[in-house]
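Below you'll find the structure, written out as structure tokens, and then a few comments.
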Amino acid sequence: MDALDRRCVNTLRLLAVDQVEAARSGHPGMPLGAAPMAFALWDRFLTFDPADPRWPDRDRFVLSAGHGSALLYALLHLYGFDLPLEELRRFRQWGSRTPGHPEYGHVPGVEATTGPLGQGLAMAVGMAMAEAHLAARFNREGHRVVDHFTYVLASDGDLMEGASHEAGSLAGTLGLGKLVVLYDDNRISIEGPTSLTFTEDVSARFAAYGWQVLAVEDGEDVDAVASALEEARAEGKRPSLIRVRTHIGHGSPKQDSASSHGEPLGPEAARATRKALGFGGEETFAVPEEVRAHARKAAQRGAAARRAWTERLEAFAKACPEEGKTFRRLLAGELPDGWEACLPRFAGKDGPVATRSASGKVLNALAPRVTELFGGSADLAPSTKTLIQGSQDFSREHPEGRNVRFGVRELAMGAAINGVALHGGLRPYGSTFLVFSDFLKPALRLAALMRTRVLFLFTHDSIGVGEDGPTHQPVEQLLALRTIPGLTVLRPADANETAAAWRLALSLEGPAVLALSRQDLPVLSLEEHPQIPSGVARGGYVLAEAHPAPPRGVIVASGSEVHLALKARELLQAEGIGVRVVSMPWVEGFLAQPLPYRNETLPPGVPRLVVEAGVTRGWGEVAGAEGEVLGLDRFGASAPGGEVFRRLGFTPEEAARRLRRLLGGDPPPAGFRPGAP
């Protein structure tokens, strides 16, 4: 690289060092080593416009090694994004726009929240999937309106994580030729040399996945990195991994040491680094004018590309008006007019039907109208009912397909659909059994943190799974999901509640889970229960009123247990005990309702029994101090589903007995423990 390139690279390095020193915490080693490859990408290839950082056909850059955030903030500042130098000085401080790991939505130019290693790479796979699908659907001869790359900067740690194995395998299978990963091969992790734990041939591994694998042995050679990027961009049919040999902490007294990974260099070592990189003196956060002027050229190049794309989009809309209208709508993230009218209504004669099957019917009723629906299952589509009928599979041969075969890769699936949503233009969904939501918990958490508009369809939601036994019967998963801030968890009781749950989920500005039954359930008629759609949207509602009124007791239930509650109500009312049944598919939604509505639904002073075939924790606020939870604080068992419910105490008779006791009737049995059947 020439003198100006070197000056630019070292400016990036020292901006990162200065941020970490100012905060007295952070990770200087990776930015010092990886700055040359980041500069080669941003300066010569990456297409972006700081004046319009969200324009749809920009290239995406994902810093999967999110601990190196100081490098990303240095890049964003230098290349003209809305991130003033003062924010770099406030690195990792309360209220700053430069948090310790990159956070989506916090500052323009951050494409994904990263830091949990492997997740950024897997989300980038989803971004590349979205680009390939939208390009196949909308590009026409003479009108290329989707044509961009997804780039990743990944670390040794990223490639150790299981997510990278799943995502790398998936990307190779799908032939995502516009995905390029720069692998920062610095051979150091927190505990010391990677030889302690990471001895496989990474290049051979990715080649086996079906990737093009390139190598740059001198990470300081910007021209060699640029040459490899050119080769990767020209490949087209395979994703590319570029292994770049770097030195962590380059130029500092701590070069090639684990101590440079996650702690400040310290004032003395920082001064020595500054001097070694040609920035003498004591001035920090320095950006030479010739460096800033050079960086402006890349921004100007991106602005010109955006203007050209805008012209192409207008020409496309004129040549293909219907497709152009749809494409603009997808880019805006707006659902089509009248989409809610596509939601099916289920009658009693349609039942009994499992809510997983009802969900499949809803999906296929919506799919012809809501063409942005795009997703699939972790090798369970026949069971989770998540195939869009009449659509091809999304593949290297048919990227226009909407059915994604994720394979047995739950974590990659969760991260990838986050990436699809972050890319924009599609409404992705992913599916597996509820018990296997544990495999994709990191992606669920990031979905909530980023507020991605994704839908997780988790079926086989209880001990009703039956014969597959406790390994496949979720008990604690609903509670775990409900504790994630910002994740809407819906457990519908029947087909019509399922349709209402879909309606709510697609209307949200954030992620949602639908927990769906394996077993068939009766249909709650909308003619008899017209309050279902609005009730689901409020989290909980009166499904069946007490006769005689007012209620002497209330049974609250979710999912399949709602039908158990209705039968228990019949038993008690035959004895002259008026009981109200409240269906509560969305606990957090109900608890967020105004107090008058909550008190109207659950009258103060009226004993409450909550019924759910899961752990009892988390229901205390609904049950109240005088209430009780009929739940399951143990694992299930292998037997037919109905027998498992019966043996573990989930029967109308047991629910009636519990409520009767709350009303001062039957005494508790010997050894009774609240919440345990």
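This one's a predicted model, so the numbers in the text were calculated from it and none came from an experiment.
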Quiz item: Can you check side chain to side chain contact (heavy atoms under 4.5 Å, CB included) on E87 and Y73, steps first, answer last?
Solution: CA-CA 9 Å; E87 290 296 332; Y73 301 143; over 6 Å; no

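- Under a 3.5 Å cut-off, the side chain of N139 and the backbone N or O of V146 do form a donor-acceptor pair.
- Remark: T384 engages S377, L380, T386, S431, F433, T459 in a side chain to side chain contact (heavy atoms under 4.5 Å, CB included) (not counting sequence neighbours).
- Classification of R13 and E220 as a salt-bridged pair holds, one side-chain N sitting under 4.0 Å from a carboxylate O.
- Residues R329 and E334 are not paired through a salt bridge, judged by the lack of any N-O separation under 4.0 Å between the basic side chain and the carboxylate.
- Side-chain contact between Y151 and V62: absent, with no pair of heavy atoms (C-beta onward) separated by less than 4.5 Å.
- T452 contributes no side-chain N or O that, together with a main-chain N or O of V454, makes up a donor-acceptor pair within less than 3.5 Å.
- Electrostatic pairing of E231 and R238 does not count as a salt bridge here, judged by no charged N lying under 4.0 Å from a carboxylate O.
- Remark: side-chain polar atoms of N418 are not paired, donor with acceptor, to backbone N or O of L446 under 3.5 angstrom.
- In this structure, the side chains of S359 and L457 come closer than 4.5 Å at one or more pairs of heavy atoms.
- Formation of a donor-acceptor pair under 3.5 Å by the Q392 side chain with backbone atoms of H398 is not found in this model.
- With contacts defined as side-chain heavy-atom distances shorter than 4.5 Å, the pair R503/W339 qualifies.
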Practice problem: Check step by step if side chain to side chain donor-acceptor pair (under 3.5 Å) holds for T98 and R90. | Solution: CA-CA 7 Å; T98 49; R90 299 177 62 225; over 6 Å; no

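- At least one donor-acceptor pair closer than 3.5 Å links the side chain of N364 to the backbone N or O of Q389.
- A salt bridge is defined here as a Lys NZ or Arg NE, NH1 or NH2 lying under 4.0 Å from an Asp or Glu carboxylate O, and R306 with D57 fails to meet this definition.
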Exercise. Go through the steps to decide whether M37 and V225 satisfy the test side chain to side chain contact (heavy atoms under 4.5 Å, CB included), and finish with yes or no.
Key: CA-CA 6 Å; M37 74 173 91; V225 174; 4.0 Å; yes

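- Note that the CG atom of L72 and the CZ atom of F81 stand 9.0 Å from one another [nearest 0.5 Å].
- No side-chain heavy atom of L176 sits under 4.5 Å from any side-chain heavy atom of T150.
- In this structure the side chain of F456 reaches within 4.5 angstrom of the side chain of L440, judged on heavy atoms.
- Between D5 and R44 a salt bridge is recorded (basic side-chain N to carboxylate O distance below 4.0 Å).
- Qualifying side chain to side chain contact (heavy atoms under 4.5 Å, CB included) partners for T11, counting only residues two or more places apart in sequence or in other chains: L15, F279, V287, P288, V291.
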Practice problem: Would you sort out whether D184 and T246 count as a side chain to side chain donor-acceptor pair (under 3.5 Å), showing the intermediate values? | Solution: CA-CA 6 Å; D184 178 24; T246 65; 2.4 Å; yes

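- Counting heavy atoms of neighbouring residues, nucleotides and ligands inside a 6.0 Å radius, atom CD of E322 does not exceed 12 of them.
- Here the CG-CZ distance, from L78 to F39, works out to 8.5 Å after rounding to the nearest 0.5 Å.
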Practice problem: May I have the step-by-step check of side chain to side chain donor-acceptor pair (under 3.5 Å) for H77 and R292, ending in yes or no? | Solution: CA-CA 10 Å; H77 171 76; R292 202 176 288 281; 3.3 Å; yes

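- In summary, D185 and R245 do not engage in a salt bridge, as defined by a charged side-chain N under 4.0 Å from a carboxylate O.
- Geometrically, R402 does not engage F394 in a cation-pi contact, judged by NZ or CZ lying under 6.0 Å from the ring centre and within 45° of the ring axis.
- Across A22 and F285, no two heavy atoms sit closer than the pair CB-CZ, 4.2 Å.
- Separating the CG atom in L490 from the CG atom in L508 is a distance of 7.5 Å, to the nearest 0.5 Å.
- Atom CH2 in W55 sits 6.5 Å away from atom OG1 in T47 (nearest 0.5 Å).
- In this pair, Y429 and W502 present their aromatic rings perpendicular. The plane angle is above 60°, beyond the 30 to 60° band.
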Quiz item: Where do R54 and E111 land on the salt bridge (charged side-chain N to carboxylate O under 4.0 Å, His left out) test, with the steps shown first?
Solution: CA-CA 9 Å; R54 302 294 300 166; E111 299 284 1; 3.5 Å; yes

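- Inter-residue side-chain proximity for V370 and P336 is flagged as met; some heavy-atom pair is nearer than 4.5 Å.
- A distance of 14.0 Å separates CE in M129 from CE in M123, rounded to the nearest 0.5 Å.
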Exercise. Mind running side chain to side chain donor-acceptor pair (under 3.5 Å) on D158 and Y183 for me, showing each step along the way?
Key: CA-CA 9 Å; D158 283 295; Y183 164 34; over 6 Å; no

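- Across R296, R6, R7, K297, a single residue satisfies salt bridge (Lys or Arg N to Asp or Glu O under 4.0 Å) together with E290, and that is R7.
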Practice problem: Check the pair L422, M127 against side chain to side chain contact (heavy atoms under 4.5 Å, CB included), reporting the backbone distance first and the verdict last. | Solution: CA-CA 7 Å; L422 290 169; M127 294 177 185; 4.1 Å; yes

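- The pair E323-R328 does not meet the salt-bridge criterion, since no charged nitrogen lies less than 4.0 angstrom from a carboxylate oxygen.
- No donor-acceptor pair closer than 3.5 Å links the side chain of R453 to the backbone N or O of R427.
- Using modelled atom types, one side-chain atom of S164 and one backbone atom of L159 make a donor-acceptor pair closer than 3.5 Å.
- Judged by distance alone, the side chain of H67 and the main-chain N or O of H27 form no donor-acceptor pair under 3.5 Å.
- Nearest heavy atom pair, residue A128 against residue L179, reads CB-CB, 4.0 Å.
- A salt bridge is defined here as a Lys NZ or Arg NE, NH1 or NH2 lying under 4.0 Å from an Asp or Glu carboxylate O, and E235 with K178 fails to meet this definition.
- Panel note: side chain R301, backbone D43; a donor-acceptor pair is recorded below 3.5 Å.
- Under the rule for a side-chain hydrogen bond (donor to acceptor under 3.5 Å, both in side chains), the partners of T371 that lie at least two apart in sequence or sit in another chain are R137.
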Practice problem: Check the pair V180, L41 against side chain to side chain contact (heavy atoms under 4.5 Å, CB included), reporting the backbone distance first and the verdict last. | Solution: CA-CA 11 Å; V180 179; L41 173 62; over 6 Å; no

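- A distance below 6.0 Å separates the ring centres of W42 and F48.
- Aromatic ring centroids of H423 and H148 lie under 6.0 Å apart.
- By the neighbour-count criterion of 12 heavy atoms within 6.0 Å, atom CG of D337 is sparsely surrounded, having that number or fewer from other residues, nucleotides or ligands.
- Considering only heavy atoms from C-beta on, L335 comes within 4.5 Å of E372 through its side chain.
- Taking the six-membered ring where the residue is Trp, H143 and F316 present tilted rings, their angle falling between 30° and 60°.
- Without hydrogens or angle criteria, E166 side chain to A412 main chain gives a donor-acceptor distance under 3.5 Å.
- You'll find the side chain of F61 reaches within 4.5 Å of the side chain of L153, heavy atoms only.
- With rounding to the nearest 0.5 angstrom, the OG atom of S203 is 9.0 Å from the CG atom of L214.
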